[in-house]
There are 2 protein chains.
Amino acid sequence: MSASMESSMFTPHKYFLAHISLDCVVFGFHENQLKVLLAKLKGRDEWGLPGGFVGIQETAEYAASRVLKERTGLDQVFLQQFYVFSDPDRGEQLKEVESLKAISGSAIDIEWFKQRFISIGFYALVEFSQVEPTPDVISDACQWWDLAEVSKLMLDHNLILQKALETLRLQLNYQPIGYNLLPATFTMPELQRLYEAILGKQLDRRNFHRKITGYGILKKLNERRTGVAHKAPDLYSFDLDKYHQALKEGLQGGW
Amino acid sequence: MSASMESSMFTPHKYFLAHISLDCVVFGFHENQLKVLLAKLKGRDEWGLPGGFVGIQETAEYAASRVLKERTGLDQVFLQQFYVFSDPDRGEQLKEVESLKAISGSAIDIEWFKQRFISIGFYALVEFSQVEPTPDVISDACQWWDLAEVSKLMLDHNLILQKALETLRLQLNYQPIGYNLLPATFTMPELQRLYEAILGKQLDRRNFHRKITGYGILKKLNERRTGVAHKAPDLYSFDLDKYHQALKEGLQGGW
DNA sequence: GCAAAAGTGTTGGCAATACACCCATGC
DNA sequence: GCATGGGTGTATTGCCAACACTTTTGC
């Protein structure tokens, strides 16, 4: 975290808009599992989503990308707002004095955290291997969690995560997904595992192949993945022109 | 508007969260046209969406329904957030002194309107005939506009309207729509005109009939609309149980 | 009777599903 | 060679779109 960001937490009201926060649901994909990036707040046992605040001259989108850059090291990730969480009691947990003691040592403005926040939910799709999970000044850990192993999170973050996943599943119906979650080259079975992980259900190998190639967003490379057991699968990459065109114009049909 | 709401505009910082506003895109349907409710701010020539602020103990959803109640007289309308507009310059127009002179006469806190607002966009579907458009303290007119006749609106409200319409069209793909926009009983052609108005394109009468009845959300009544020229069409109403079930579980296929 | 609009039925094509066969690799 | 997994092809089904005929009403 930059020096200016450090100082911004001493006097946050000078740098950020009051009452507005954002939470990022960062999805990654590794070993056939959908992962989500979580941070552990100092002095609390619970984990939560990486979050932040909106600078007085930032858009919410820019603020989210800044937070993401700080937590993952990544620029230019796929990032999209999906819902606003505005229950007046959603921050009650944080207001307990005990919860804030641990972070008060670092001269951070505790009063800032006691105000009511309306939080804008963003979700991000990132390439797992490229991420360097990094805690911020108010958290003492930051790491990937298997989606299936996420238990009770702080505040309403379980709700936010659930809503993000729902949105992602809907997204799958009219937008291509994968460029942001997979390495530059990948095999058809890997792409299928990604879709299965997001949807939470098995898909037919042959029908998946037909449907996904039908979108015309894939380029088949003249290579195969070697060294694996069994038949070597073909390698693919995304045709970025057509991929972005499909992002804009939408796809047909659902899963 | 209630007396307490009046006074809340004298000292809004005591009643509302700073920096957060909301704008409502209220859709109605009348004479085969999709309509949107607009208000004209005092001292300005431009029209804009009905908006408001979030009370210090309200959810954003509750605040939107309160605003809607004030502008339309309606309770219990279909209301949904769809996007957050956070460009730091989106409020520049309002900060001009001239723009605010006209409303300063009513002892309203001008400083409040000069701050930067992040606005939560809501869209509402209401029954046209039930609405009584009502201006608020800072506007001197409030009325329905034909969607096709809406020209330049204040601030970024054209963008908000466009985004609302996009969302509504997507919504049509997986949720039933109509209960909130049509009278209790209606004919199949009327329902079709509504879909056509939302989608901005013509649909085949017979395929529409099959598809919409296939959802199982309609009840055919033992009546017809009389007095009209030509063959009397059957009257329908929504089967509310199944309608709400479909709202939750979603529909199949797109338009 | 005629024009205009509404109700209903039929057909063809395309897309999703289910399923079968062959191929390559590690052991 | 055999088990495992990947690549490709085919038949069936069901949905969507295009289209025709009949019925009812006002004039």
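Protein chains get the first letters and strands the later ones, always in sequence-line order, with residue 1 at the start of each.
What you find for A:D234 and A:R224 is that their closest heavy atoms are OD1-NE, 2.8 Å. Across B:W144 and B:G28, no two heavy atoms sit closer than the pair CZ3-N, 3.4 Å.
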Protein within reach of the bases, or only the backbone? For nucleotides 6-14 of chain D, mark each nucleotide 5' to 3' as B, S or -, using heavy atoms under 4.0 Å.
BBBBB----
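Taking the six-membered ring where tryptophan is involved, the planes of A:W145 and A:W47 are perpendicular, since the angle between them exceeds 60° and thus also 30°.
Side chains of A:H157 and A:I160 form a contact here, defined as non-hydrogen atoms less than 4.5 Å apart.
Between B:I212 atom CD1 and D:dC15 atom P the separation is 16 Å, expressed in whole Å. Rounded to whole Å, atom C1' of C:dA15 lies 9 Å from atom NZ of A:K211. For B:Q202 and D:dC19, the CD to P distance is 15 Å, given to the nearest whole Å. Per the geometry, CD belonging to B:E223 stands 18 Å off P belonging to C:dA6, to the nearest Å. In this entry the distance linking OH of B:Y195 with P of D:dC16 reads 13 Å, nearest Å. Distance CG (B:L203) to P (D:dA17): 9 Å, rounded to an integer number of Å. Atom CD in A:Q192 sits about 12 Å away from atom C1' in D:dG5, given to the nearest Å.
In this structure, B:R169 does not pair ionically with B:E166, as no charged nitrogen and carboxylate oxygen lie closer than 4.0 Å.
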Would you tabulate the side-chain donor-acceptor contacts of residues 177-190 of chain A under 3.5 Å, counting partners in other chains and residues two or more places apart, or write 'none'?
unit_1: A:T187; atom_1: OG1; unit_2: A:E190; atom_2: N; d: 3.3
unit_1: A:E190; atom_1: OE1; unit_2: A:T187; atom_2: N; d: 2.9
unit_1: A:E190; atom_1: OE1; unit_2: A:R225; atom_2: NH1; d: 3.3
unit_1: A:E190; atom_1: OE2; unit_2: A:R225; atom_2: NH1; d: 2.4

